[in-house]
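Because the structure is predicted, anything quoted here is derived from the model rather than measured.
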Amino acid sequence: MKRVIVGLSGGVDSSVAAYLLQQQGYEVIGLFMKNWHDDSVTISNECPWLEDSNDALLVAEKLGIPFQTVDLSEQYKEKIVDYMFNEYEKGRTPNPDVLCNREIKFDVFMKIALSLGADYVATGHYCRKSETEVNGKTVYQLLSGVDNNKDQSYFLCQLSQEQLEKALFPIGELTKPQVREIAAEMELVTAEKKDSQGLCFIGKVRLPEFLQQKLQPKDGIIVQIDKDNPVYNNSVSEDLTTEDALALAAKPIKYTTEMGKVVGKHQGAHYFTVGQRKGLNVGGTAEALFVIATDVETNTIYTGMGSHHPGLFRKALCVAPSEVHWIRTDMALTNGETMKVKARIRYRQELQDATLHQFESGLYVSFSQQQSAITEGQFVAWHIGDELIGSGVIS
């Protein structure tokens, strides 16, 4: 009998995942990860992890499976929280959820599970795993979840073959309503529970306040750049190499304060991210202002008016050589090669037509349509059909 350790989070998805595995004849053990206990930055006075671990325990009791709590807050602080502060400090926007899967759930947690004699680790992610054979070797595939509204393959875009080999995603074939239905039939306490928001495991954290613990507020100016600014008339010369043309298209515009007018003040450029609209507190514009760039060196935020402002759009992005990650290592591009894919630059974005170009200087993703708010530090993930084959950090 194969043993599976399920990361029971106290939510409905992992509860149903545990039940389905039990139905499939696995020996199931529930493990709750406690990853955070600094209550000074959670918004509500309820203690989310306590309630969640209690719900996880109730589900385990209902299913009659063993249950344990593991405290991973040390590793979480080191691998996720510190990474977030570092990235924000550099003026990048991290994605802690992607990292949490790579560094915590499918690494630290997986190692604990394997040390407890588990054959697999299972989570309540809406995605599927499949396998194929390449040159006589088994290759694992990460596929989108069947529920288009909930597909979470993006969050697993940094997993490796070794991690996928040991992973199970029992609810990938189901839709959220079906999952809730099963939970209700089984009278699981989590059946009606709302989906968790906020950082994985930290609960509802107010980001600026969370960041303020490490990154001191400092006053800076908000500059508005007009959509007709000459900086947007970039006519590309004909005789550029493909690589140079891509580098140009992927390069963020370098703004200076002289290009626009000062429209307000802010408390620190590192609290803002490209595409952000809330929190600027600048009134009196015909349409909303959006952040089009931040400069942490000069502590300046550049904004444009309206969601169609040219400063929000780019056609290409670059991933540094060390940040390119192939789940399907057998499909990795070598220098000079290209590949047609579907790609997304954030969770829940519709997949976009794109072409990958691999050069020694990095991997370029060029989209057939302009993309809004390509954000440094976030992940781009690329698919062929419903298989996610690779990803990288936008540089």
Next on the checklist: For a quick test of reading the model, state the closest non-hydrogen atom pair linking Q161 to I327 and the distance between them.
Outcome noted: NE2-O, 2.8 Å
Checklist entry - Atom CG in D151, atom CZ in R348: separation rounded to 0.5 Å? => result 9.5 Å
Item to check | Ring centers of F155, Y347 separated by less than 6.0 Å | outcome: yes
Checklist outcome for this item: Heavy-atom closest pair (A373 atom, R346 atom, distance to 0.1 Å) is O-NH2, 2.8 Å
Item to check | E350/R344 ion pair, N-O < 4.0 Å | outcome: no
Checklist outcome for this item: dist H266:NE2 -> N299:CG (nearest 0.5 Å) comes out at 4.5 Å
Checklist entry - What pairs with Y255 under side-chain contact (heavy atoms from CB on, under 4.5 Å), at least two apart in sequence or on another chain? => result I225, V231, Y232, I253, M259, I292, A293, Y302
Item to check | Interatomic distance, L159 atom CG to Y140 atom OH [nearest 0.5 angstrom] | outcome: 14.0 Å
Checklist entry - Less than 4.5 Å apart, any side-chain heavy atom of S153 and any of H383? => result yes
Checklist outcome for this item: Of all heavy-atom pairs linking E133 and T138, the shortest is CG-N, 4.5 Å
Next on the checklist: Could you check whether T190 and S15, counting side-chain N and O atoms only, form a donor-acceptor pair closer than 3.5 Å?
Outcome noted: yes
Checklist outcome for this item: On a heavy-atom basis, the closest approach of V291 and L312 is O-CD2, 3.6 Å
Item to check | Electrostatic pair D295:K254 at N-O distance under 4.0 angstrom | outcome: yes
Next on the checklist: Could you check whether K79 pairs with D107 (Lys NZ or Arg NE/NH1/NH2 to Asp/Glu carboxylate O, under 4.0 Å)?
Outcome noted: yes
Next on the checklist: By the definition side-chain contact (heavy atoms from CB on, under 4.5 Å), identify the one residue from Q352, R314, K315 that meets it with Q371.
Outcome noted: Q352
Next on the checklist: Take a 6.0 Å sphere around NZ of K90 and say whether it holds more than 12 heavy atoms from other residues, nucleotides or ligands.
Outcome noted: yes
Checklist entry - What distance do D82 atom CG and E87 atom CD have between them, rounded to the nearest 0.5 Å? => result 12.0 Å
Checklist entry - Under a 4.5 Å cut-off applied to non-hydrogen side-chain atoms, are V28 and V6 in contact? => result yes
Item to check | salt bridge (charged side-chain N to carboxylate O under 4.0 Å, His left out), paired with D52, selected from K194, K193, K34 | outcome: K193
Checklist entry - What's the spacing between L156 CG and D97 CG if we round to 0.5 Å? => result 10.5 Å
Checklist entry - Taking the side chain as C-beta and beyond, is there a heavy-atom pair between N101 and V98 under 4.5 Å? => result no
Checklist entry - Any salt bridge between R128 and D386, counting N to O under 4.0 Å? => result yes
Next on the checklist: Quick one, F109 and I5 - any side-chain contact, counting heavy atoms below 4.5 Å?
Outcome noted: yes
Next on the checklist: Any carboxylate oxygen within less than 4.0 angstrom of a Lys/Arg side-chain nitrogen, looking at D13 and K150?
Outcome noted: no
Checklist outcome for this item: When rounded to the nearest 0.5 Å, the distance separating CZ of R102 from CG of N95 is 11.0 Å
